[in-house]
Amino acid sequence: MRLDKYLSQATGLSRKDVKRLLHAGEVRVNQQPERNAARQVTENDLIELDEQEIEAPGPIYLMLNKPLGYVCATDDPTHPTVLTLIDLPRAEQLHIAGRLDIDTTGLVLLTDDGKWSHRVTSPRHKTGKVYRVETADPIPASAIEQFQRGIRLESEPFPTKPAELQLLGEREALVVLHEGRYHQVKRMFAALGNRVTALHRERVGSILLDAELEPGEYRELTQQEIDSI
Ligand code: URA
């Protein structure tokens, strides 16, 4: 990686500030002063800024409480993306481990660790996702078995994998999915003749949305949360 990028990622300083420090001779690589921002470095090099050793930038793992009206995409011509809520120098390198619809709220995981992200989303790893659902019409008790058996979604050849449905009220339930098809919860209820009016993701695997996070806020995952995936 380029030295200026490495320093910026490791310290949170802007590339512009890093360049200024480089020109001022504040940076040393393997104990030699270095002014070349484009110099290639790796985590095996000893990098010092202002005589302090700089640790290699590690991967980032975040949880975000997604608000309504934001899209889980890196770019969108009309709506704000969840990445605009992340105030970090490496925000543009994050990917979204399991997208939510624009009108779904709750837990979104973001990382620059591709393997970890794959474990969150790949159906092979069966990471359960828990959604709180509100519906337009009452949910009959018979839906529990239909969710368990699997539901044929419109224009899809295979039924959904067994999912758990727990009724919380006449029009409110918890759904646990072990796969992530496009608009899956909404389409499962639509296939039963109902309509989802509110959808909120509470949990992914054993990672629970932190109750301290207001919509739009995020925090780093703990090591235990990272290791749980
Ligand atoms: N299922 C949906 O229908 N939408 C989501 O955002 C997530 C799961």
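If you read the sequence from its start, that first residue is 1, and numbering goes on from there. Worth knowing before you read on, the calculation uses all heavy atoms, side chains too, and leaves out hydrogens, waters and symmetry mates. Counting starts at 1 for both ligands and their atoms, in listed order.
With hydrogens and angles left out, the side-chain atoms of His95 and Asp112 include no donor and acceptor closer than 3.5 Å.
Within 6.0 Å of the CD atom in Glu92, the count of heavy atoms belonging to other residues, nucleotides or ligands exceeds 12. In this structure, Glu156 places its CD atom where more than 12 heavy-atom neighbours from other residues, nucleotides or ligands lie under 6.0 Å away.
The salt bridge (charged side-chain N to carboxylate O under 4.0 Å, His left out) search around Arg195 returns none, not counting sequence neighbours. Partners of Glu154 according to the salt bridge (charged side-chain N to carboxylate O under 4.0 Å, His left out) rule, which considers only residues two or more places apart in sequence or in another chain, do not exist here.
Under 4.0 Å from any atom of ligand 1, one finds heavy atoms of residues Leu100, Asp101, Thr104, Tyr131, His183, Gln184, Val185, Lys186, Leu199.
Among pairs with a residue in residues 158-168, those fulfilling side chain to side chain donor-acceptor pair (under 3.5 Å) read Glu164-His178, at least two apart in sequence or across chains.
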